[in-house]
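Data block below; observations after.
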Number of protein chains: 4
Amino acid sequence: MNLREKKAAKKREDILRSASLVISRKGFHHTTMEDIAAELLMTKGSLYYYFKNKEELLFQCHDLILSNAFNQLEDIYGKEISSGEKMKAAIKVHLDIAIQEKEIFNLTVKPEQIFSKEYIDPIVKKRDAYAGLFDRMIQQGIQKGEFTVNQKKMARMIILGAANWIQVWYSPEGEFSKEEIEQIYADYLLKILT
Amino acid sequence: MNLREKKAAKKREDILRSASLVISRKGFHHTTMEDIAAELLMTKGSLYYYFKNKEELLFQCHDLILSNAFNQLEDIYGKEISSGEKMKAAIKVHLDIAIQEKEIFNLTVKPEQIFSKEYIDPIVKKRDAYAGLFDRMIQQGIQKGEFTVNQKKMARMIILGAANWIQVWYSPEGEFSKEEIEQIYADYLLKILT
Amino acid sequence: MNLREKKAAKKREDILRSASLVISRKGFHHTTMEDIAAELLMTKGSLYYYFKNKEELLFQCHDLILSNAFNQLEDIYGKEISSGEKMKAAIKVHLDIAIQEKEIFNLTVKPEQIFSKEYIDPIVKKRDAYAGLFDRMIQQGIQKGEFTVNQKKMARMIILGAANWIQVWYSPEGEFSKEEIEQIYADYLLKILT
Amino acid sequence: MNLREKKAAKKREDILRSASLVISRKGFHHTTMEDIAAELLMTKGSLYYYFKNKEELLFQCHDLILSNAFNQLEDIYGKEISSGEKMKAAIKVHLDIAIQEKEIFNLTVKPEQIFSKEYIDPIVKKRDAYAGLFDRMIQQGIQKGEFTVNQKKMARMIILGAANWIQVWYSPEGEFSKEEIEQIYADYLLKILT
DNA sequence: AATGAATGAGACTTCATTCAT
DNA sequence: AATGAATGAAGTCTCATTCAT
């Protein structure tokens with residue numbers, strides 16, 4: 001990648017980041033291309049130089065965040081700690097992202113509400129890969145004798161579902177700090193696996 | 001209420017029910033006034049005789065379903081059974097509704113994405129009242145010595161969050177029947193309270 | 001068809017007629033939905049009440065004119081006159097329409113420049129049916145011994161091509177009246193068939 | 001013209017040639033500056049170094065082809081053959097170009113659909129000069145006693161119109177070869193002059 | 001009570017054109 | 001000489017809403 005391509009790639013990322021920001025602020029369905037452009041002091045026409053349409057931009061946006069989440073989880077999975085510790089760390093990472101990128105992260109949940117057919121498949125695949133990392137952690141815990149759980153898939157879905165829900169009510173001004181919440185969540189959810 | 005008013009009230013309910021149906025089918029953001037009217041073999045103009053605008057219609061729609069849920073939960077709360085049994089029954093009811101009315105039920109979650117300020121307050125109130133019933137069940141369980149839980153609110157949110165998530169993946173064609181799923185969910189989630 | 005439907009049908013026709021007019025004036029590719037609406041003192045949004053999109057409107061426009069032409073030709077074909085007379089009358093009708101509706105009539109010629117796949121087929125079919133009437137007249141003339149021509153198809157295409165060309169240069173202010181032109185054209189083109 | 005100017009002139013011609021090609025492929029109204037540039041592995045910005053805007057480029061494009069056609073016709077006109085032979089040869093050349101460069105050649109027909117006022121005049125002039133060569137051939141034929149025709153202009157327009165039409169239906173995969181078609185056309189059209 | 005018709009604001013998208021480098 | 005990037009005008013289309021009948 002030469003300098004120019006790097007610059008363009010950087011710009012593309014800038015756009016994605018701005019888009020995330022605006023979406024977080026205005027909510028997904030009220031964010032227009034104009035809004036995204038304005039955030040960057042660009043005109044909406046320029047966005048089309050970098051992304052072929054709104055859907056593509058949104059998809060990349062989502063992909064960036066989910067990839068990021070996936071990588072963090074993989075790091076955790078690779079660590080030399082107990083499965084319980086891994087699981088707790090993973091839950092905390094997940095909560096972090098769910099809070100920070102709630103709008104975008106939600107796209108994962110109901111892609112069909114926004115994306116057309118061609119995009120849904122890769123989104124679902126990535127989502128499943130992400131969830132699969134939780135499955136592997138649970139499996140590992142069972143093998144090590146740390147966890148006792150019959151319905152692995154369902155346990156995983158309960159955990160992720162509970163964690164996702166945090167966006168609904170979390171507020172920085174709340175009674176507990178984010179760290180405290182993450183700790184409590186992790187502790188409670190671990191109960192399901194034992 | 002005279003006959004005419006009764007008729008109008010009935011019609012209003014018909015509209016709400018049809019709206020729920022269409023929204024379930026097409027997803028929230030892709031449902032137009034036209035769609036709702038078509039389901040009833042009406043024209044969209046007529047809807048405005050019964051509801052002053054789309055937002056009002058949606059609000060009523062949501063209100064109807066949430067009221068319904070609330071009533072079912074109250075019945076359960078009033079029964080002469082153990083708190084554990086109540087909680088399980090409540091979770092099953094919640095799962096039922098989350099599956100059946102997923103699109104509408106979701107409005108509760110992020111009212112600000114759709115509703116303007118004036119509507120958010122009553123929605124949040126109703127939602128909190130609904131959640132409050134869970135809180136009361138938990139409280140009762142603690143007093144009776146059935147449950148052991150420090151962070152009551154958070155436990156409740158974990159339970160509801162996990163339950164809400166079911167919409168994301170539930171399919172009638174899945175491996176487990178709805179009843180089996182409800183049973184498993186109830187069992188696992190009860191672990192959090194003990 | 002009840003009154004209301006009649007009214008709507010009439011409006012649709014009004015729109016088509018206005019569209020034809022505007023297109024004649026501004027040329028095909030410079031006519032916007034706004035232009036068409038303005039001609040009728042409507043707003044562009046209203047056009048979409050009657051036609052689902054621009055392409056559909058254009059298609060109907062074209063269809064109306066070509067159907068009209070087809071009917072006139074059929075009448076001529078059914079008359080009890082010599083094939084030479086029929087042919088001359090047909091050429092005159094064709095010239096008339098080519099002059100009056102030149103822009104729209106041209107769509108027949110190159111539908112692929114404007115229409116998407118789904119529309120091209122019916123257009124081509126209608127066009128071929130129209131041309132087919134000329135073929136039948138020629139065939140009839142040959143059977144009656146009035147015409148002598150080996151390459152029937154090509155002769156027809158030469159005749160229609162020459163006739164279509166009139167739009168390029170015809171002007172009401174020209175040296176000859178429309179009637180004179182039509183007479184001369186008909187005479188000259190008949191030579192090809194003998 | 002120094003080397004640099006020569007190079008630029010050559011490049012300009014390259015562009016015109018590529019433009020013709022792309023236009024033939026994609027149709028006139030669907031050809032963008034981007035398309036033309038892409039064909040040459042340039043970027044659209046660069047085109048503006050050689051042509052001040054799209055209209056100018058198109059005009060030159062058209063001019064090149066029409067000049068070419070004119071030259072070929074002049075050659076024929078200068079030959080020592082009968083007027084009938086000249087006419088046939090001219091028709092064949094015209095058919096050739098009409099087939100090969102149909103999109104561009106069509107600009108001649110309706111310049112006002114694409115060009116602004118300032119360009120129309122020179123285009124019409126060139127077109128008339130081109131048509132004038134046909135007129136001169138006809139005139140010559142009359143003087144030599146080869147042709148008998150009262151309305152010379154109209155005869156010429158019939159001939160050119162018929163010939164232009166060939167683009168509408170000609171296909172390399174058709175029943176007749178291009179050469180056969182040209183022969184038949186020339187024969188039939190000559191009938192008009194006698 | 002209901003509807004057909006019309007409206008207009010706003011969204012997405014395309015593309016010729018400009019310009020600093 | 002060439003280009004990457006940005007712009008802005010213009011066009012199509014959607015849809016909640018209004019209103020006379």
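By convention in this document, chain letters (A, B, ...) are assigned in the order of the sequence lines, proteins followed by strands, and residues within each chain are numbered from 1.
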Residues pairing under ring-ring contact (aromatic ring centres under 6.0 Å, His included) where one sits in residues 102-124 of chain C, two or more places apart or in two chains, turn out to be C:F59-C:Y119, C:H94-C:F105, C:F115-C:Y119
Whole angstroms only, please: what is the NE2-P distance between C:H29 and F:dT12?
12 Å
Output one line per pair: protein atom, nucleotide atom from nucleotides 7-9 of chain F, and distance, for all N/O pairs under 3.5 Å.
unit_1	atom_1	unit_2	atom_2	d
F:dT7	OP2	A:T43	N	3.1
F:dT7	OP2	A:T43	OG1	3.2
F:dT7	OP2	A:S46	OG	2.8

Indicate yes or no: at least one non-hydrogen side-chain atom of D:Q100 is less than 4.5 angstrom from one of D:S24.
no
side-chain contact (heavy atoms from CB on, under 4.5 Å) filter on D:R25, not counting sequence neighbours, yields D:L21, D:V22, D:E39
If each of D:T32 and A:E34 is mapped to the nucleotide of DNA chain E with the nearest heavy atom, which maps nearer the 5' terminus, i.e. the 5' end?
A:E34
Give every donor-acceptor pair under 3.5 Å between a side-chain atom in residues 40-47 of chain D and any protein atom, sequence neighbours left out.
unit_1	atom_1	unit_2	atom_2	d
D:T43	OG1	D:S46	OG	3.2
D:K44	NZ	D:E34	OE1	3.4
D:S46	OG	D:T43	O	3.4

Does a donor on one side chain sit under 3.5 Å from an acceptor on the other, for D:T32 and D:K54?
no
When you look for runs of 3 or more Watson-Crick or G-U pairs in a row, both distances below 3.5 Å, which of them include DNA chain E?
E:2-21 with F:2-21
Going by the rule salt bridge (Lys or Arg N to Asp or Glu O under 4.0 Å), which residues pair with D:E55 if we only count those two or more places apart in sequence or in a different chain?
none
Sorted by chain and residue number, the salt bridge (Lys or Arg N to Asp or Glu O under 4.0 Å) partners of A:E56 (sequence neighbours excluded) come out as A:K52
Pairwise side-chain contact, A:E103 with A:T31, heavy-atom cut-off 4.5 Å (strictly under):
no
Counting only non-hydrogen atoms, which of residues 15-27 of chain A are less than 4.0 Å from DNA chain E?
none
Kindly list each side-chain donor-acceptor pair under 3.5 angstrom involving residues 5-12 of chain A, sequence neighbours excluded, with atom names and distances?
unit_1	atom_1	unit_2	atom_2	d
A:E5	OE1	A:N2	N	3.3
A:K10	NZ	A:D14	OD1	3.2
A:K10	NZ	A:D14	OD2	3.0

Residues in side-chain contact (heavy atoms from CB on, under 4.5 Å) with B:L64, at least two apart?
B:L16
Whichever of D:E5 and B:M33 has the more 5' nearest nucleotide on DNA chain F, that residue is D:E5
Nucleotide range of DNA chain E lying under 4.0 Å from chain B heavy atoms
E:dA1 to E:dG4
In whole Å, what is the span from the OH atom of C:Y48 to the P atom of F:dG11?
12 Å
What residues form a side-chain contact (heavy atoms from CB on, under 4.5 Å) with D:T108, not counting sequence neighbours?
D:H62, D:L66, D:R127
Does A:K54 or C:A8 map to a spot on DNA chain E nearer the 5' end, using the closest nucleotide for each?
C:A8
Before giving the answer on side chain to side chain contact (heavy atoms under 4.5 Å, CB included), spell out for D:H29 and D:I114 the whole-Å C-alpha distance, their side-chain angles and the decisive distance to 0.1 Å.
CA-CA 9 Å; D:H29 287 283; D:I114 284 134; 4.1 Å; yes
Work out which heavy atom in A:N53 is nearest to a heavy atom in A:Y48; give both atom names and the distance.
CA-CE2, 3.8 Å
